[in-house]
Amino acid sequence: MNIHESEKAAGILENLGYSETNDEKQADLILFNTCCIRDNAEKKAFGNIGAIKKLKKAKKSLIIVVMGCLAQEKGTVDTIKEKYPYVDIVLGTNNLNMLDKAVTIVFNTKKKQYLIDPNEKPDIIEDERVLRTSYPNAWINITFGCNNFCTYCIVPYVRGRERSRKMEDILKEFENLLKEGYKEITFLGQNVNSYGHDLQDGSTFAKLLEAADKFDGKYRIRFMTSHPKDLTDDVIDIIASSKHICHNIHLPIQAGSNKILKLMNRHYTREHYLEIIEKIKAKIPDCGITTDLMVGFPYEEEEDFQDTMDIVRRVGYSSAFTFIYSIRRGTKAAEMPQIPYEISQDRIMRLIKEQNCMTKQLSKDYENKVFEVLVEDTVEKKPGFVCGRTDSGRLVTFEGDKELIGQFVNVKINRSQSASLFGEIVGNN
Ligand code: SAH
Ligand code: SF4
């Protein structure tokens with residue numbers, strides 16, 4: 001989501017006449033797109049903003065922009081004014097479309113611009129200025145914001161309430177991307193399954209998927225993130241029967257204990273979650289399932305943690321993002337009693353070990369079989385090699401040159417190493 005937002009910022013800047021440089025000393029403008037989902041993301045952003053001070057000193061005309069979730073967080077503008085006064089523009093999450101105006105004002109007048117719209121339900125502004133950086137993959141936002149208020153999460157506070165884009169706007173962008181030659185398009189939303197609820201025109205995520213599956217040609221559809229409370233059977237059925245939707249679902253469970261799930265305000269139980277997993281496995285047997293897991297949430301005891309470990313063993317995730325719970329100011333969980341960090345650290349080590357063991361085991365199943373892979377990129381550290389993903393979302397590395405990027409090839413997997421698969425091309429599609 002953040003990468004795609006950076007693509008939008010880059011599109012706006014490109015329209016102003018800027019082009020990309022990898023050399024920060026050459027830059028006339030440096031933009032930080034920030035995240036505040038966990039404390040370390042926030043610290044990292046401020047660390048990077050701090051490190052730029054010397055560049056601004058050496059080049060007075062350098063324009064510095066801070067945008068994204070951290071910019072929208074309560075108190076950030078004051079912190080920036082006080083500790084990083086050399087930042088020229090701060091743009092909240094609802095103000096991205098004002099980037100060009102703000103840059104022009106600073107360029108002409110040097111007057112600082114702090115643009116934070118506190119509106120929790122701003123209108124969606126359709127804007128086609130996007131500088132896409134990930135051919136053959138492309139992202140499309142289908143919803144903005146979130147209504148769920150999971151008790152640990154800052155997203156609803158910095159991204160506002162859920163707003164869905166109109167289906168016709170999404171499909172128009174989708175079709176244009178296919179015409180431009182993009183081969184894999186990912187629908188983005190904090191909870192894609194609740195897409196359309198606010199539109200009241202009958203749009204649903206299942207209908208959107210069905211419509212996007214109907215275009216001609218060879219392409220793939222992915223989506224993230226699914227919320228287990230809203231993942232309905234019709235979506236599973238459409239994935240199973242579709243031509244283009246990847247057999248790959250990211251379904252964050254967060255925790256395996258019903259007590260913790262309730263405290264997190266997730267609105268499902270482990271039993272309900274496992275029921276969905278069973279349905280997915282029955283209807284889409286080759287589906288790659290991934291998840292997000294958190295340890296150290298308030299009130300988590302060893303017994304609760306063991307419930308999370310049990311889920312990892314039962315589901316068989318191809319991979320998982322694992323996090324230590326991080327206290328976020330203003331959220332409900334911030335008022336709950338926090339557990340010692342050493343306990344969280346010990347738990348996350350055990351969780352990662354368990355998941356790695358599962359990933360390794362599942363990777364073995366890929367060996368000596370042939371999979372269709374969309375070639376995505378060259379491998380920087382391995383000249384003469386390219387990489388891409390299977391339909392199920394697994395990363396595969398094999399010999400090939402950059403002309404293959406954007407092509408579907410059949411790859412025989414020869415060996416696996418943890419989550420990575422290595423193989424050789426046995427044919428083009
Ligand atoms: N909307 C998505 C996820 C958004 S944030 C969903 O509901 O699944 C991505 C992940 O960051 C979350 O799934 C969660 O595992 C993690 N996360 C969010 N807030 C966090 C916090 N305060 N501390 C640690 N991890 C957090
Ligand atoms: Fe955060 Fe929950 Fe919304 Fe995901 S669904 S963005 S975790 S509040």
Side-chain angles (χ1 to χ4, degrees), residues 1-2 32 34-51 68-76 78-80 83-84 146 148-159 190 225 228 250-266 268 270 273 290-313 315 317 319-359 418-419:
M1 218 171 257
N2 281 5
F32 294 93
T34 59
C35 171
C36 62
I37 194 85
R38 282 169 289 277
D39 187 47
N40 52 3
E42 200 171 311
K43 284 213 174 87
K44 216 162 142 186
F46 278 127
N48 288 334
I49 298 165
C69 291
L70 179 60
Q72 187 79 25
E73 209 185 334
K74 227 175 162 180
T76 297
D78 292 337
T79 307
I80 286 183
K83 293 192 179 151
Y84 312 90
C146 183
N148 291 316
F149 288 95
C150 302
T151 53
Y152 50 81
C153 185
I154 199 161
V155 170
Y157 302 93
V158 291
R159 292 271 164 189
Q190 293 298 347
T225 299
H250 184 61
L251 197 61
I253 186 168
Q254 312 297 356
S257 138
N258 284 339
K259 177 187 101 188
I260 299 296
L261 287 172
K262 197 157 199 281
L263 285 164
M264 288 178 164
N265 193 32
R266 291 288 289 181
Y268 53 83
R270 60 182 277 124
Y273 183 89
T290 56
T291 200
D292 293 348
L293 300 164
M294 206 188 294
V295 299
F297 188 76
Y299 298 106
E300 185 187 73
E301 307 212 22
E302 179 62 23
E303 198 185 333
D304 302 305
F305 172 65
Q306 284 307 328
D307 283 343
T308 302
M309 294 282 267
D310 179 62
I311 289 285
V312 167
R313 283 180 216 117
V315 177
Y317 296 115
S319 64
F321 294 108
T322 50
F323 306 109
I324 291 180
Y325 161 72
S326 167
I327 191 164
R328 300 286 69 206
R329 225 179 323 122
T331 60
K332 274 218 170 117
E335 287 152 30
M336 298 179 192
Q338 307 296 313
I339 74 164
Y341 192 70
E342 304 76 63
I343 292 185
S344 304
Q345 251 179 335
D346 172 61
R347 286 182 188 157
I348 201 145
M349 296 306 282
R350 285 188 280 155
L351 182 64
I352 291 171
K353 203 166 160 204
E354 191 70 41
Q355 178 54 47
N356 283 349
C357 196
M358 180 56 77
T359 300
S418 194

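Counting begins at 1 with the first residue of the sequence.
- Sequence neighbours left out, the pairs with a member in residues 292-305 that pass side chain to side chain donor-acceptor pair (under 3.5 Å) are His250-Asp292, Ser257-Asp304, Lys259-Asp304, Glu300-Arg347, Glu302-Gln306, Glu302-Arg350.
- Closest of all the heavy-atom pairs between Gly296 and Tyr325 is O-CD2, 3.5 Å.
- Under the side chain to side chain donor-acceptor pair (under 3.5 Å) criterion, Tyr317 pairs with Tyr273, not counting sequence neighbours.
- For Asn265, the side chain to side chain donor-acceptor pair (under 3.5 Å) criterion is met by His267, not counting sequence neighbours.
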Determine all donor-acceptor pairs shorter than 3.5 Å in which one atom belongs to a side chain in residues 40-48; sequence neighbours excluded.
unit_1: Glu42; atom_1: OE1; unit_2: Arg328; atom_2: NH1; d: 2.7
unit_1: Lys43; atom_1: NZ; unit_2: Asp39; atom_2: OD2; d: 2.6
unit_1: Asn48; atom_1: ND2; unit_2: Lys44; atom_2: O; d: 3.4

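- For the atom pair Leu261 CG and Ile253 CD1, the distance stands at 6.0 Å (nearest 0.5 Å).
- Taken to the nearest 0.5 Å, the CD1 atom of Ile311 stands 9.0 Å off from the OG1 atom of Thr291.
- Residues that satisfy the side-chain contact (heavy atoms from CB on, under 4.5 Å) test with Ile37, not counting sequence neighbours, are Cys35, Cys153, Val155.
- Atom OG1 in Thr79 sits 13.0 Å away from atom NZ in Lys74 (nearest 0.5 Å).
- Every side chain to side chain donor-acceptor pair (under 3.5 Å) that Thr359 has, sequence neighbours left out, goes to Gln355.
- The minimum heavy-atom distance linking Leu263 with Pro298 is given by the pair CD1-O, 4.0 Å.
- Listed by chain and number, the residues in a ring-ring contact (aromatic ring centres under 6.0 Å, His included) with Phe149 are Tyr157 (sequence neighbours excluded).
- Residues Pro156 and Cys146 share a closest heavy-atom pair of CB-O, 3.7 Å.
- In this structure, OH in Tyr341 is found 13.0 Å from CD1 in Ile327, a value given to the nearest 0.5 Å.
- Checked against side-chain contact (heavy atoms from CB on, under 4.5 Å), Met264 has the following partners two or more places apart in sequence or in another chain: Thr151, Tyr152, Gln254, Ala255, Ile260, Arg266, Met294, Phe297.
- The heavy-atom pair separating Ile324 from Ser344 by the smallest distance is CG2-CB, 3.7 Å.
- Scanning for side chain to side chain donor-acceptor pair (under 3.5 Å) contacts around Glu354 gives Arg313, with sequence neighbours left out.
- Taking all atoms of both residues into account, the shortest heavy-atom contact from Gln338 to Met336 is NE2-O, 2.8 Å.
- At least one side-chain heavy atom of Asp307 sits under 4.5 Å from a side-chain heavy atom of Arg270.
- A pairwise comparison of heavy atoms in Glu73 and Ile154 identifies OE2-CD1, 3.6 Å as the closest pair.
- The backbone N or O of Ser418 lies less than 3.5 Å from no partner atom in the side chain of Asn356, so there is not a single donor-acceptor pair.
- In this structure Phe32 satisfies the ring-ring contact (aromatic ring centres under 6.0 Å, His included) test with no other residue, sequence neighbours excluded.
- Atom CG of Leu70 and atom CD of Gln72 lie 10.5 Å apart (nearest 0.5 Å).
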